[in-house]
Each structure stands twice: as C-alpha cells, then as structure tokens.
Amino acid sequence: MASTSASTSAFEYAPAPESRSVVDIAPSYGLFIDGEFTEAADGKVFKTVSPSTEEVLSEIAQAGEADVDRAVQAARKAFEKWSALPGSERAKYLFRIARIIQERSRELAVLETLDNGKPIKETRDADLPLVAAHFFYYAGWADKLDHAGFGANPQPLGVAGQVIPWNFPLLMLAWKIAPALATGNTVVLKPAETTPLSALFFADICRQAGLPKGVVNILPGYGDSGAALVAHPDVNKVAFTGSTAVGKAIARQVAGTTKKVTLELGGKGANIVFDDAPIDQAVEGIVTGIFFNQGQVCCAGSRLLVQESIQDELLDSLKRRLSTLRLGDPLDKNTDIGAINSAEQLARITTLVEQGEAEGAERWSPSCELPSSGYWFAPTLFTNVTQAHTIARDEIFGPVLSVLTFRTPEEAVAKANNSQYGLSAGIWTEKGSRILAVASKLRAGVIWSNTFNKFDPTSPFGGYKESGYGREGGRHGLEAYLDV
C-alpha cells in the first residue's frame with residue numbers, strides 16, 4: 001500500500017489535491033443563536049484542528065449552560081410562528097436550503113475534509129449529495145403530513161435538542177434538522193467539538209435562505225453543553241447520534257420526563273459472505289463496509305463472516321485489494337483512506353488493536369507509509385478471531401476488520417446475532433431466496449444485500465438492542481418529530 005503511488009499498479013499517480021482556497025475559514029466563530037453569531041456568555045473558546053496536519057483551523061466559541069438556555073428560549077419563541085406556517089411555506093425554506101447546499105457543495109466538501117479528515121472524494125461524492133437529498137426529501141413531506149400514516153393533522157412537538165457526532169458532521173446535521181423543520185419544530189443543535197465548522201457554515205446557509213431567526217440555533221461545545229441541552233426543561237424532543245455509553249446516560253437523564261427521544265448508537269455490523277458470492281464484488285463491498293470514512297461509521301461491516309470453504313480465496317483477494325488502497329492527504333482526489341478524526345480516537349483504536357494481538361488474533365496490514373504529522377492508522381485485518389475476542393465484540397470505530405468463519409447459514413445467523421449491537425448487516429450470495437431467509441433472522445435495523453453502506457433519504461435507519469431506538473430517514477423519520 002502506498003502513500004504516494006500504488007506499487008502494484010503499472011501507473012504512477014501524480015498528486016491531485018483539491019484547492020483549499022475554495023473555502024474561506026474565519027479565524028474565529030461565535031455561537032449561532034436567534035439568527036446571529038454571538039460570543040459565549042462566559043467568553044470560553046476552544047480550537048478545532050485538522051486531523052491530517054494537526055494545524056489549528058479556527059477558534060470556536062464554547063457554549064455553556066447560559067448559552068443553552070438562551071438558544072432554547074430563542075427556539076421556543078420562533079416555534080410559535082414557524083409551526084403556524086402552512087407546510088407548503090416551510091417546504092420553500094427547505095428547498096432553498098437544499099439548493100444552496102448544492103450550489104456551495106464544493107466549499108462544504110473541502111471544509112468537511114479539512115475539519116474531519118475523511119477523503120475529499122467521500123465528502124464530494126457521498127456526504128454532500130446525501131445532505132442535499134435529505135433536505136429535498138423532507139421539503140417534499142412538509143405539506144403532506146396528513147398523509148404520512150400518523151392520523152389527521154399531526155402536530156409538531158416544539159423545541160428539538162439535537163446532539164451529533166464527528167464522523168459525518170454535515171450529514172448527521174441534515175438527518176436531524178431536515179425532518180424537524182419539515183414537521184414544524186425548531187432546533188438547537190450541538191455539533192461535535194472536533195468538527196464544528198460545517199455546522200457553523202450551515203448557520204450561514206440558514207441566513208442566506210432567509211430562515212426566520214431562532215428556527216435553527218447552533219451551539220458548538222463539549223459534552224457538558226450537550227448534557228445541558230438534553231436536560232433543559234423546555235426541550236420537547238431529544239435526538240442523539242453517538243456512543244452507546246452516552247446514549248444510556250441520556251436515556252437515564254430523560255426518564256420520567258415527557259421528552260420524546262431517538263438514540264442512534266454504536267454498532268458491530270456483520271458482513272456475511274456465502275460460498276456462492278461473487279468474490280470480486282464481495283471484496284469491494286467488504287472494503288466499502290469497513291474502510292469507508294476510515295471505519296469511523298456506526299454501521300460499518302467490522303465483522304466479516306466468511307463461509308469456511310472460500311476463506312483462503314477471499315482473504316487472498318482482499319489482501320491484494322488492500323495493498324492498492326491509497327492512504328494520505330485527504331484533500332488529494334486519489335486518496336482512499338484519510339486521517340483518524342482525533343488523537344483521542346487514534347489512541348482508542350491503537351489500544352483495541354493491541355488487545356486483539358495480545359488475545360491471540362493474527363494481525364495483518366499492507367506495507368504502508370504513514371504521514372509524519374496528523375492522526376493515521378493503517379488498514380488492518382485480523383484473522384484467527386473467535387467470538388470471545390474483544391475485537392469481535394467491542395466497537396473499534398477505526399479501519400480494523402475482524403474475520404470469522406462459518407459452515408452453515410444457521411451458524412452465520414447465530415454468529416451475526418451474537419452481539420450487544422444490532423445496527424447493520426450485509427449478505428453476499430447469488431441466491432435471492434437465501435438473502436431473504438437470512439435477512440429475516442438477523443436482528444439488525446439495516447440489512448444490505450450484495451452491497452454495503454448504501455444510504456438513501458427515503459429509507460429509515462436505526463438499530464436494535466444497544467444500537468439504540470427510533471428511526472431516522474424515510475416516512476418513519478417524521479414520527480419522532482410529531483405528536484402522534
């Protein structure tokens with residue numbers, strides 16, 4: 001595996017960096033409350049850095065409890081007029097936001113790559129088109145809520161407090177804000193502290209779209225800001241995407257209140273490859289399943305279950321493919337694997353991988369030169385893994401794949417379901433009957449057949465067990481924001 005050229009290829013790749021100059025990053029940003037950028041009440045700030053270079057990108061105001069209160073009050077005040085608008089009027093704002101996102105998608109893609117560390121080809125070809133698609137999709141629902149299957153005249157809940165993670169900063173914002181606005185709610189959103197820039201950029205898009213003041217408020221900050229938002233007595237709906245541990249804390253915090261809650265938490269997705277699967281296609285799906293966004297995906301296919309008879313053939317092919325992946329500058333259009341989001345996340349991945357080796361699993365990575373600055377981890381494959389291994393049970397949230405084998409479909413299902421999580425799964429086989437038979441027995445919220453990590457705004461997303469509850473996306477995603 002090469003950081004500048006693919007050694008197994010006959011072609012040498014010249015660097016093809018996307019220009020940083022397409023996006024203008026201000027030296028500092030305030031909180032976005034009631035349509036204005038403002039300093040934090042206590043004047044606190046924090047820095048956001050680029051994971052690929054460790055350079056400081058900007059200084060950000062850090063929200064405290066007083067700021068949360070101010071933002072919730074602004075959202076409550078705006079709710080009266082916003083919820084009273086006809087759905088067709090709210091839809092106009094959502095359509096406008098979607099079009100501005102499309103127009104400014106190049107800026108946003110570069111910004112997201114700089115702040116998050118993922119390759120530009122992912123932000124450009126996956127994140128941004130999906131962000132716009134979610135706003136278009138929910139704009140279409142805004143005047144049709146009577147026909148969504150929740151009875152006549154369903155009503156909005158009020159103020160939605162939303163806390164999102166760092167792995168898909170702008171896409172998670174779209175998943176949360178688009179259905180909330182379409183259904184007539186107002187929003188206070190806390191982006192992750194390592195990736196606040198695209199959310200603050202979105203605040204500017206709200207102003208550009210003429211969205212009424214207070215309908216969307218953006219509060220960058222740390223976990224205490226999120227906790228204050230969740231606990232605020234005037235928040236009617238809590239939406240959280242992130243770790244299972246924090247999700248459990250939120251569930252305890254809102255217990256006994258009237259707040260409606262959706263939690264989209266961790267995962268340990270099983271990618272099941274049967275002996276009749278098209279090997280080359282499956283290998284591409286495995287790579288997409290675990291190395292997309294450096295494996296920092298809650299629905300990543302981090303457990304590969306291979307039918308025993310094809311294990312050697314599949315692993316040979318997979319190792320060959322991994323040797324051609326290009327790791328390096330996320331702004332280079334040829335890069336497949338970008339930087340890990342933070343030093344903290346890199347340390348977690350490293351610890352779990354070392355634990356996997358200590359417990360006896362066999363580790364393999366392609367030869368790979370890691371850049372000298374930034375947070376990097378080579379794509380890693382573990383074989384000789386059992387279900388007792390920590391790396392087969394715990395969510396690593398990095399570019400690390402654990403390989404297990406099975407002999408029968410029943411064993412595959414048993415191993416796939418042997419997890420505290422239940423977010424995603426993949427099935428690879430040429431038999432449609434087998435896909436349906438296996439899928440019906442898997443306890444996972446999203447099941448892909450002969451593909452992986454395909455997303456669509458019309459399709460609901462969410463999990464079972466410790467992967468959370470509630471659904472986002474599709475018609476189902478409206479319910480969490482309506483009094484039904």
Side-chain angles (χ1 to χ4, degrees), residues 22-41 45 48 57-63 67-68 70-85 89-112 114-115 127-128 131-132 134-136 138-139 142 159-162 164 169-191 195-221 225 229:
V22 301
V23 64
D24 206 9
I25 301 177
S28 66
Y29 289 93
L31 313 170
F32 186 69
I33 299 175
D34 206 19
E36 304 294 336
F37 284 101
T38 171
E39 287 181 18
V45 294
T48 184
L57 295 171
S58 188
E59 191 174 76
I60 315 292
Q62 181 180 329
D67 306 302
V68 169
R70 198 157 42 117
V72 172
Q73 283 180 23
R76 173 62 60 203
K77 190 172 148 212
F79 174 68
E80 288 175 35
K81 287 183 179 171
W82 179 251
S83 60
L85 284 179
E89 287 302 308
R90 289 198 303 272
K92 287 177 186 175
Y93 288 105
L94 285 160
F95 277 125
R96 210 175 292 158
I97 288 168
R99 284 196 296 269
I100 295 169
I101 286 167
Q102 285 183 320
E103 286 163 12
R104 303 185 71 173
S105 63
R106 193 173 167 207
E107 282 173 85
L108 281 162
V110 172
L111 185 71
E112 197 80 314
L114 282 169
D115 206 19
D127 294 35
L128 262 300
V131 169
H134 270 83
F135 279 98
F136 278 126
Y138 281 111
V159 177
Q162 305 177 325
I164 59 171
L170 197 60
L171 184 58
M172 291 298 106
L173 175 149
W175 279 25
K176 301 281 187 284
I177 290 182
L181 298 193
T183 47
N185 299 276
T186 54
V187 167
V188 180
L189 177 130
K190 190 201 91 71
T195 53
L197 291 180
S198 54
L200 293 164
F201 200 98
F202 179 81
D204 198 48
I205 287 174
C206 290
R207 293 206 297 195
Q208 195 182 337
L211 193 70
K213 289 184 175 188
V215 173
V216 168
N217 305 273
I218 309 280
L219 298 183
S225 316
L229 179 58

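Atoms considered below: every heavy atom in the structure, side chains included; atoms not considered: hydrogens, waters and symmetry mates.
Residue V188 forms a side chain to side chain contact (heavy atoms under 4.5 Å, CB included) with just one option from V216, I218, V159, and that option is V159. A side chain to side chain contact (heavy atoms under 4.5 Å, CB included) with S105 is found for one member of L128, V131, V110 and no other, namely L128. With S58 as reference, I25 is the one residue of I25, L114, V45 to meet the side chain to side chain contact (heavy atoms under 4.5 Å, CB included) rule.
Pairing each heavy atom of A209 with each of I97, the nearest pair is CB-CG1, 3.8 Å. Closest non-hydrogen pair, A180 versus Q162, comes out as CB-NE2, 3.8 Å. Across A91 and A139, no two heavy atoms sit closer than the pair CB-O, 3.3 Å. Nearest approach of L181 to W82, heavy atoms of both residues: O-NE1, 3.4 Å. Considering every non-hydrogen atom in both Q208 and I100, the closest pair reads OE1-CG2, 3.5 Å. Nearest heavy-atom pair across L219 and A71 is CD1-CB, 3.8 Å.
To the nearest 0.5 Å, atom OG1 of residue T48 and atom CD of residue E59 are 11.5 Å apart. To the nearest 0.5 angstrom, R70 atom CZ is 6.5 Å from L31 atom CG. Distance CD1/I164 to CG/L189: 4.5 Å, rounded to 0.5 Å. Note that CD of E107 is 12.0 Å distant from CD1 of I101, once rounded to the nearest 0.5 Å. Summarising the geometry, atom OG1 belonging to T186 is positioned 16.0 Å from atom NZ belonging to K213; distances are rounded to the nearest 0.5 Å. With values rounded to the nearest 0.5 angstrom, N217 atom CG is found 6.5 Å from I33 atom CD1.
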Run the side-chain donor-acceptor check on residues 196-205: report pairs under 3.5 Å with partners two or more places apart or on a different chain.
unit_1: S198; atom_1: OG; unit_2: E112; atom_2: OE1; d: 2.7

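A 4.5 Å side-chain heavy-atom check between L57 and D115 finds at least one atom pair inside the cut-off. Put simply, the side chain of Y138 does not reach to within 4.5 Å of the side chain of I177, judged on heavy atoms. In this structure, V72 and L229 have side chains that are in contact, with non-hydrogen atoms separated by less than 4.5 Å.
Scanning for ring pair (Phe, Tyr, Trp, His ring centres under 6.0 Å) contacts around W175 gives H134, F461, with sequence neighbours left out. F37 meets the ring pair (Phe, Tyr, Trp, His ring centres under 6.0 Å) test with F32; sequence neighbours excluded.
Atom CD of E89 has more than 12 heavy atoms from other residues, nucleotides or ligands within 6.0 Å.
At least one test fails for R90 against the ring of Y93: distance under 6.0 Å to the centre or angle within 45° of the axis.
Listed for the D67 side chain is a donor-acceptor partner under 3.5 Å among the backbone atoms of A41.
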